[in-house]
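Numbered from 1 within each chain, the chains take letters A, B, ... in sequence-line order.
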2 protein chains.
Amino acid sequence: MNTEPSWDLFRTFAIVLREGSLSGAARVLGMTQPSVTRHIDALEAAVGGKLFVRSQRGLSPTDRGLALRTHAESLVATSAALLRAASGAEDVSGTVRVTASEVVGAEHLPPILADLRRAHPALAIELVLSNAVSDLLQRQADIAVRMVEPAQQALVARKVGAVTLGFHAHRDYLAARGVPTTANDLLTQDLIGVDTETPAVRAVMSRMPGLTREAFALRTDSDLAQLAAIKAGYGIGVCQVEIARRDPNLVRVTPDLFSFDLPLWVVMHEDLRGVARCRAVFDALAEGLGRVGGG
Amino acid sequence: MNTEPSWDLFRTFAIVLREGSLSGAARVLGMTQPSVTRHIDALEAAVGGKLFVRSQRGLSPTDRGLALRTHAESLVATSAALLRAASGAEDVSGTVRVTASEVVGAEHLPPILADLRRAHPALAIELVLSNAVSDLLQRQADIAVRMVEPAQQALVARKVGAVTLGFHAHRDYLAARGVPTTANDLLTQDLIGVDTETPAVRAVMSRMPGLTREAFALRTDSDLAQLAAIKAGYGIGVCQVEIARRDPNLVRVTPDLFSFDLPLWVVMHEDLRGVARCRAVFDALAEGLGRVGGG
DNA sequence: CGGTGTTCATCTATTTACGTATAGATGGCC
DNA sequence: GGCCATCTATACGTAAATAGATGAACACCG
């Protein structure tokens, strides 16, 4: 009861929770199913209560087991980050996890990362695209590209410019439907917008009177899908002017009515400043995104 | 190289880093020194580089070893939090870690926690007093009492009132030196203030013209030491009016010149809402601090 | 200058944990 | 309804990690 259980039990627990079965976890972990069973039994004995209900087609967590999920996932992320940080600190090789929004990751980062890869062939990049501002302190990533100023200490942050959001449409769509010039014009068009209203989205939408969720002819939370819909001539939607400028078929509409600037920040752990490969990725992102945002 | 090392190696590494010797770590971990040696050797082999330089009076970390410190500490904190969360979720027993500022922890919390302990004899409290806003997401504590509104999601937060800061002094001091009434009066008095200027402190000090670091006759970053100095009649310093009111010898001076309100927040992990003992501590803190702050 | 208490490194016996093999049980499918 | 796939539970031999004991190097101190 008093002696702390092996930390390997935590890892096994985390994987069992994710896989939903002892056998599946064993495959992932490179162990055998009896060993996984022993680990779970030992952990349950250590905490003094059942963590799973066993059935013949897998395990499902009890409430108590479910309560430990985020802890276990945090351990997985942190240990992975530790191993990343530990490998080859002096030369630019190994793996760096970068997180960014979907649009930035799909539109801005690829050429930057391609150059980086060419300069450092031993460098591997893991790119996590998510609009959720995943917390660097939870070690889910080494470097983040964000659209908001980071609040936490212990982070190295550099503002590398800004991107501008504006309404855009395909020239073919505009040729068929006419070019809107007023706010009322916009409301008669096929608008592409968001599905769920986050506080940030609501702040932007409040600038355009009459613009409600019902006004959208296509609602999706995927920014990439919105961009694709704009390029396909579905209607008028919001995207970065820097991206639209690259496609000669895209035209910005009502630039005077709607224009929204978002800052671009590159953020990294303070601890990783001494790790050459992280420093290299950080600098490359700052330099490359600085060109994009004209900062 | 390819297979992930045992997580126990991380734990051993963290303790060796903290203790500074293989033998010391072995004592803490309840293992033998050869086992600790083997763990460190295995971890160094896994990451492909030395983490410590050995000497006959202990181990000192290399740069690479130091770079992993925060990761290792995070793992220690998280695994401890996992074990805490795992033990006895249904009844109010076990351990809850609470973090608060020094003054709040020393002046406001003790009676609240004493009542709590009386109500739940099987409940143990770990109290971490620190002015550093330790991040709940890093699992260094289960519940935090803060003076700023928490920004993160995934947290249960309740504003339970506010405390007011004001200048105070001992009546004996004022009898000898006179009672200041103007800002200029204050500058001729023996003032008790901070040593290092944080942004928050600077914001407060900018409200009082002429009040610079040099004006302080006693400079300390310990709020408790400041309070003790005020009570000892050293001079005039800032403390919470709610605390000063309890001591009949303390008198508030120039209340019209300087008065600063700080909100009181009780913050907890979302995950811990289902854990009875955390819920009990949260509610007790919210109720008890609500009486203090009159919120 | 020599005793004492550290430290880490090395060797060996033992305990512990693991993998292999197998049985029992359930759900899907022809 | 019988067959196959998948899952968990159990028993047993083996491999690996651990504890214990010992030696050598260094610092502290009288």
Could you tell me the separation between the NE2 atom of B:His39 and the P atom of C:dC8, rounded to a whole number of Å?
15 Å

With A:Leu127, which of A:Val98, A:Val96, A:Thr99 fulfils side chain to side chain contact (heavy atoms under 4.5 Å, CB included)?
A:Val98

Return no unless some side-chain N or O of A:Thr32 is found under 4.0 Å from OP1 or OP2 of C:dC18.
no

Which nucleotide in the set D:dA17, C:dG19, D:dC7 lies at the smallest distance from any side-chain heavy atom of B:Arg38?
D:dA17

To the nearest angstrom, how far is A:Ile40 atom CD1 from D:dA9 atom P?
11 Å

State plainly whether the residues A:Arg11 and A:Asp8 are in salt-bridge range, i.e. N to O under 4.0 Å.
yes

Which angle, to the nearest 10 degrees, lies between the helix axes at the two ends of the helix from C:dC1-D:dG30 to C:dC30-D:dG1, each defined by five pairs?
30°

What is the distance, rounded to the nearest whole Å, between atom CG of A:Leu43 and atom P of C:dA17?
14 Å

Under 3.5 Å, is there a donor-acceptor pair linking the side chains of B:Thr220 and B:Asp195?
no

Among D:dT8, D:dA19, C:dC8, the one nearest B:Arg54 by side-chain distance:
C:dC8

Contact class for B:Ser21 vs. all strands (heavy atom < 4.0 Å): base, sugar-phosphate, or nothing?
sugar-phosphate

Out of D:dC7, D:dT10, D:dT18, which nucleotide sits closest to the side chain of A:Pro34?
D:dT10

Which nucleotide, C:dT7, C:dC8, D:dA9, lies nearest any side-chain atom of B:Leu22?
C:dC8

Indicate, with yes or no, if the rings of B:Phe10 and A:Phe10 have centres closer together than 6.0 Å.
no

Across the strands shown, which category fits B:Gly30 at heavy-atom distances under 4.0 angstrom: base, sugar-phosphate, nothing?
sugar-phosphate

Describe the nucleic acid contact of A:Thr37 in one word from base, sugar-phosphate, nothing, applying a heavy-atom distance below 4.0 Å.
sugar-phosphate

In whole Å, what is the span from the CD atom of A:Gln33 to the C1' atom of C:dA21?
12 Å

For the pair made of CZ in A:Phe52 and C1' in D:dA9, what is the distance, rounded to whole Å?
17 Å

Rounded interatomic separation in angstrom, taking CD from B:Glu19 and P from C:dT7
10 Å

Measure from the side-chain heavy atoms of A:Ser23 and tell me the nearest of D:dC7, D:dA27, C:dC8.
D:dC7

Ignoring hydrogens and geometry, is there a side-chain-to-backbone donor-acceptor pair from B:Glu19 to B:Ala14 under 3.5 Å?
no

Are side-chain N/O atoms of B:Thr37 and B:Gln33 paired as donor and acceptor at under 3.5 Å?
yes

In whole Å, I'd like the distance from the CG atom of B:Asp8 to the P atom of C:dA17.
11 Å

Rounding to an integer number of Å, can you tell me how far B:Met31 CE sits from D:dT18 P?
6 Å

Is it the case that the side chains of B:Arg139 and A:His71 hold a donor-acceptor pair, with the cut-off being a distance below 3.5 Å and no angle test?
yes

